[in-house]
Amino acid sequence: MRDARRRRRTRFRVAEAPSEEVIAVSEYPSLPVRLWRRGPWRSSALMRTSDRIQGLVGICAAVAVLFAVPVACAAGTAGYSAAAARVEAESATKVELTATVVSEPDRILSASRYPTAELGFEARVRWIRNGHDRTAVTGVPAGSRIGAEVPIWLSADGEPTTAPPGSDTAISSGVGIGLMLLSAVWGAALTLVWVTGRLLDAHRAGSWAREWNQICRQNGYLP
């Protein structure tokens with residue numbers, strides 16, 4: 001009887017809770033590690049030749065994009081220096097004077113397909129320089145009347161000319177050269193990556209189609 005009760009009590013004994021076991025989970029690889037593992041230099045059987053070619057093209061494009069930044073900065077600086085020298089030389093040969101309008105201004109109309117477009121006004125003006133009285137027809141501000149005083153610019157030979165470009169012209173020239181070079185290199189790199197990807201995608205699609213056709217023929221699904 002005692003053995004039977006002991007066995008009965010043992011049958012309802014609560015099982016001990018299992019000990020908690022800590023399982024170490026490896027941390028997810030960082031972005032540089034994942035990019036390194038996707039490189040074309042990896043000896044992976046899952047990486048096709050087309051994948052390696054596409055990876056190499058992408059790396060070359062990235063290097064060209066990064067290298068274009070200092071090159072564009074250098075080209076922009078050189079363009080700014082050259083433009084600044086031209087502006088300085090042109091400003092040194094031009095002189096600003098005050099002239100008097102001696103005739104009624106006439107409208108300057110465009111010679112394009114829209115002749116009604118006004119380009120400005122011109123009139124005969126008179127000025128005195130170095131004791132010499134001279135007149136010429138040149139552009140005048142809108143609203144000028146006979147007797148009004150207007151500023152004019154004279155070239156080295158004493159003829160009316162346009163005003164010399166300002167310092168912002170040199171800045172615009174330098175920035176424009178740098179941006180044009182940078183846009184050209186970046187556009188060429190992106191185009192190369194895109195065209196290479198499309199061509200390799202077409203090649204991979206053709207390879208898949210040929211392999212599926214071969215498998216289907218081997219299993220009797222195709223004649």
Side-chain angles (χ1 to χ4, degrees), residues 18-91 110 112-114 117 162 164-223:
S19 60
E20 295 183 358
E21 184 178 357
V22 179
I23 302 176
V25 180
S26 61
E27 186 180 355
Y28 191 72
S30 60
L31 180 60
V33 173
R34 282 181 283 148
L35 292 177
W36 177 264
R37 291 177 179 176
R38 290 170 58 91
W41 50 80
R42 294 277 296 178
S43 59
S44 174
L46 299 177
M47 185 174 292
R48 300 163 293 188
T49 303
S50 59
D51 298 331
R52 300 183 188 277
I53 295 175
Q54 191 170 7
L56 286 174
V57 172
I59 292 173
C60 293
V63 171
V65 166
L66 295 176
F67 186 71
V69 175
V71 173
C73 292
T77 302
Y80 167 78
S81 300
R86 289 194 302 268
V87 169
E88 184 177 359
E90 188 173 351
S91 300
S110 173
S112 63
R113 56 183 298 186
Y114 303 104
T162 58
S167 58
D168 55 341
T169 303
I171 298 176
S172 302
S173 178
V175 173
I177 291 175
L179 290 179
M180 287 180 59
L181 180 59
L182 197 63
S183 301
V185 175
W186 285 10
L190 293 177
T191 302
L192 177 63
V193 171
W194 184 81
V195 172
T196 302
R198 299 291 77 77
L199 293 176
L200 293 177
D201 286 343
H203 173 74
R204 287 188 284 256
S207 299
W208 273 102
R210 288 189 296 271
E211 291 178 5
W212 275 112
N213 290 336
Q214 183 179 359
I215 293 174
C216 291
R217 288 191 181 92
Q218 292 175 354
N219 291 273
Y221 297 109
L222 290 177

- Query: Do any N or O atoms from the side chain of Thr77 and from the backbone of Cys73 form a donor-acceptor pair under 3.5 angstrom?
  - Reply: yes
- Message: Can a donor-acceptor pair be found, under 3.5 Å and without considering hydrogens, that links the side chain of Thr169 to the backbone of Gly166?
- Response: yes
Point-to-point distance, once rounded to the nearest 0.5 Å, from [atom1] of [X] to [atom2] of [Y]:
X      : Y      : atom1 : atom2 : result
Gln218 : Gln214 : CD    : CD    : 5.0 Å
Arg204 : Leu199 : CZ    : CG    : 10.5 Å
Asp201 : Thr196 : CG    : OG1   : 10.5 Å
Trp186 : Leu181 : CH2   : CG    : 11.0 Å

Please give me the minimum heavy-atom distance between [X] and [Y], naming the atom from each residue.
X      : Y      : result
Arg52  : Trp41  : NH1-C, 4.2 Å
Val65  : Ala189 : CG2-CB, 3.8 Å
Ser173 : Gly79  : OG-O, 4.1 Å
Ala64  : Val185 : O-CG1, 3.7 Å
Ala84  : Ala170 : N-CB, 3.6 Å
Gly197 : Gln54  : CA-NE2, 3.8 Å

- Query: Quick one: are Val69 and Leu182 in side-chain contact, heavy atoms under 4.5 Å?
  - Reply: yes
